[in-house]
Amino acid sequence: MMTEPIITVEKLSRTFQKGKVKAVKNISFSINKNEIFGLIGPDGAGKTSIFRILTTLLLPDTGFAHIAGYDMVKEYKKIRQIIGYMPGKFSLYQDLTVEENLHFFASIYGTNIDENYHLIEDIYNQLSPFKDRKAGNLSGGMKQKLALSCALIHNPTIMFLDEPTTGVDPVSRKEFWVMLSKLKRKGITILVSTPYMDEASLCDRVALIQDGNILSIDQPGNITKQFPRSLYSIRSNQKGRIINYLRMFKGIYNCYVYGENIHFNFEKEDHREMLVKLKKNLQHKNLFDDTIRIVEPSIEDCFIEMLSGRKSNAIENG
Amino acid sequence: MKTIKFRQFTSLIRKEFYHVFRDKKTMLILFGMPATMILIFGFALTNEIRNTSIVVIDQANDNHSKKLTQKISTSNYFTIVDKQSDPRRKNIEQYFQKGSIKLALIIPNNFSSEIESHNTCKIQIIADATDPNNANVLTSYMTSIIRNYERQISGIPNSNCNIIPEIKMLYNPKLKGAPNFVPGVIALVLMLICVMMTAISIVREKEMGTMEVLLVSPFRPFLIILSKTVPYLLISLLNIILILLLSVFVLHLPIKGNLTFLFIESALFIITCLTLGIFISIKAKSQQAAMLISLVGMFLPTVLFSGFMFPIDNMPLILQFISNLVPAKWFYTIAKSIMIQGSHFSALWTETLILTAMTVLLMVASLKNFKVRLEP
């Protein structure tokens, strides 16, 4: 595995509305050649701003970045030749057909569809039945596939995909990630952002982002390994009542709804007695019908853990 | 490299044509508006008078006054709604204030005997000059009817008389003549369409987010700007032909000057308007803002300062100065001179030069202001 960085970002920050809104706060990271790097974070974390800075659409206030060895500010024209960008908002011409859009984006990069068809073949095969349909009339999943095709048609070295799976059905989301791993095999470096934590495990490395800061950068497996507590899960159809009870129970560090379950953990590692007491009380209140089990933490659990750690730090410091 | 640039350019233009031809509203504005405006303005601003209501105050009620009145009523121009003999102002004014008449004719006592004995007599025409152009036209029609009658009776032996109509413009004594509107409407229509269509074109890409993708591509700003103007230039040239055909065959305005010269000058004005639209589009933040600027910011100055509705010579100096900044003023002068006076380039080179300078200036300003990055 090559570990040569293709993108290096140093102390990048960017504010909006004359400094009132700090979208990106002094972040540094690097992305290796031919890896799928994920920016994971909720809406408003600063993902889109980072994308726009790295695609030379926005200038940073401070800091700098090199994309494939080019200076992001001075050599923006060279960078624009070699990157493919798919913005978060669907940004193709809605009144042009699928084929016309693809043809247009091929020709503005001075290439044609045939030349790089091998890159988009898998994706475009699914689109071709609709090739005469206006882009505006496609379904969400199809729109994303078309946008990906258009961003790929000039055979870029690096792809920037800003929330490509937002608003797309689960099946299409899965297909989309399969395509990304195929592109990786063709030697393309991919920077992708997503608000869906479950997609983090599909990246080679991820940066967890919150409020313009990077909380952690690592392989998804390493991030989950570093989860500092035992994590418990209750399956119940009375989630609301259990959560309310857990919040009042002394010694609980965190509790939250996780899909069908409730995840929680204790402040102290030595909590056997507390767990027994909790079980008893919950049974007494007829609140659960299943057992409490220990589960492996996911990226989402890690994210919540980091956020509550930051909050309590902030309270202690401030 | 050259061929790549050319391919980029042609596919951009093709894309722009798709936008135009696939949007019904755009098509309607581009082709419906010029024809409608020319026809509406052309007919609404026509000088033709038909069956205008008037009142005749006949104080004489004798042979000649009756004949004159009859002559007036048999013409197609006027309809006599009332006939009476009270010449007091209050009496006449009530008609005007009700809005039931546009003109009053007052025939003095002893009309016939004055004509026959003194050979000269006065007759009064009072016109409603709240609409000055209309009043001007009405009085001249009335005067010509009276002159006609005069010539008719002077054919009768022993009566080489002279009727001198005394004209009084009620509500607005000093009038300016009605100019010929068609060149003005051409300037107005071209200005509106060219500025508005291009003003929307770039800002629409910003709003739709497609500009983001375009900017990330290796693409020169000049190419984007040029590709936005060429389709509209071609469409506007078609429009010019349509407008000129309508002016000649429907509005019966003959074109005296050289048609090719008029066409070339129109093309120059179209390019000026397109670059102005591009400049607005680059500066504007939203489609609505662009629309508003091009409608209010262009339509009004064009109507006010091009000189086809309000004569510029009568304006205060400061406004005269401002009028020089309005491209439509220069084109109006050019179009009017070619169409009505049949002028040649030798007479119009200053105006042509000014329009060219404006175009170059706007083009440079647009290029300088084109953002290669997103604006926050």
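The chains referred to below are lettered A, B, ... by the order of the sequence lines, with proteins before strands, and numbering in each begins at 1.
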*Asks:* Given heavy-atom pairs under 4.5 angstrom as the criterion, report whether the side chain, backbone, both or neither of Leu92(A) touches chain B.
*Replies:*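 For Leu92(A), the contact with chain B is made by the backbone alone.
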*Asks:* Could you tell me whether Arg14(B) and Glu100(A) have a side-chain N and a carboxylate O separated by less than 4.0 Å?
*Replies:*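 Salt bridge between Arg14(B) and Glu100(A), a charged N being under 4.0 Å from a carboxylate O: no.
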*Asks:* Do we see a donor-acceptor contact under 3.5 Å between the side chains of Thr352(B) and Glu265(B)?
*Replies:*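 Short answer, yes.
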*Asks:* Flag yes if more than 12 heavy atoms outside Ile318(B) fall under 6.0 Å of its CD1 atom; otherwise flag no.
*Replies:*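 Count not over threshold, so no.
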*Asks:* Main chain of Val98(A), side chain of Arg133(A): is a donor-acceptor contact present, judged purely on distance under 3.5 Å?
*Replies:*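 No, Arg133(A) side chain to Val98(A) backbone: no donor-acceptor pair under 3.5 Å.
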*Asks:* Could you tell me if the ring centre of Phe37(A) sits under 6.0 Å from that of Phe29(A)?
*Replies:*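 Judged by ring-centre distance (under 6.0 Å), Phe37(A) and Phe29(A) do meet the cut-off.
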*Asks:* Looking only at side-chain N and O atoms, does Thr165(A) offer a donor or acceptor that is under 3.5 Å from a partner on Glu199(A)?
*Replies:*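 Looking only at side-chain atoms, Thr165(A) and Glu199(A) do form a donor-acceptor pair, the distance falling under 3.5 Å.
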*Asks:* For atom NZ of Lys131(A), decide whether the heavy atoms of other residues, nucleotides or ligands shown that lie under 6.0 angstrom number more than 12.
*Replies:*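 No, the 6.0 Å shell around NZ holds no more than 12 heavy atoms from other groups.
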*Asks:* Got more than 12 heavy atoms from elsewhere within 6.0 Å of CD, Glu121(A)?
*Replies:*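 Yes, the 6.0 Å shell around CD holds more than 12 heavy atoms from other groups.
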*Asks:* Give every donor-acceptor pair under 3.5 Å between a side-chain atom in residues 217-229 of chain B and any protein atom, sequence neighbours left out.
*Replies:*
unit_1	atom_1	unit_2	atom_2	d
Ser217(B)	OG	Leu214(B)	O	2.5
Ser227(B)	OG	Leu223(B)	O	3.1
Ser227(B)	OG	Ile224(B)	O	2.8
Lys228(B)	NZ	Glu16(B)	OE1	3.1
Lys228(B)	NZ	Glu16(B)	OE2	3.0
Lys228(B)	NZ	Glu205(B)	OE2	2.8
Thr229(B)	OG1	Ile225(B)	O	3.4
Thr229(B)	OG1	Leu226(B)	O	2.7

*Asks:* With a strict 4.5 Å heavy-atom criterion, list every residue of residues 150-164 of chain A that contacts chain B, or say none.
*Replies:*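 Answer by number: none.
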*Asks:* Heavy-atom cut-off 4.5 Å, strictly under: side chain, backbone, both or neither for Lys78(A) against chain B?
*Replies:*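 Nothing of Lys78(A), per the 4.5 Å heavy-atom cut-off to chain B.
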*Asks:* Hey, is the main chain of Ile278(B) close enough, under 3.5 Å, to the side chain of Ser281(B) for a donor-acceptor pair?
*Replies:*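 Checked: no pair found.
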*Asks:* If contact means a heavy atom pair closer than 4.5 Å, which residues of residues 84-91 of chain A contact chain B?
*Replies:*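 Within residues 84-91 of chain A, the residues that come under 4.5 Å of chain B (heavy atoms only) are Tyr85(A), Pro87(A), Lys89(A), Phe90(A), Ser91(A).
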*Asks:* Counting only non-hydrogen atoms closer than 4.5 Å, does Ser49(A) touch chain B with its backbone (N, CA, C, O), its side chain (CB onward), both, or neither?
*Replies:*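 For Ser49(A), neither part sits under 4.5 Å from chain B.
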*Asks:* Quick one: list whatever passes side chain to side chain donor-acceptor pair (under 3.5 Å) with Asp122(A), sequence neighbours left out.
*Replies:*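 Side chain to side chain donor-acceptor pair (under 3.5 Å) list for Asp122(A), sorted by chain: Lys182(A).
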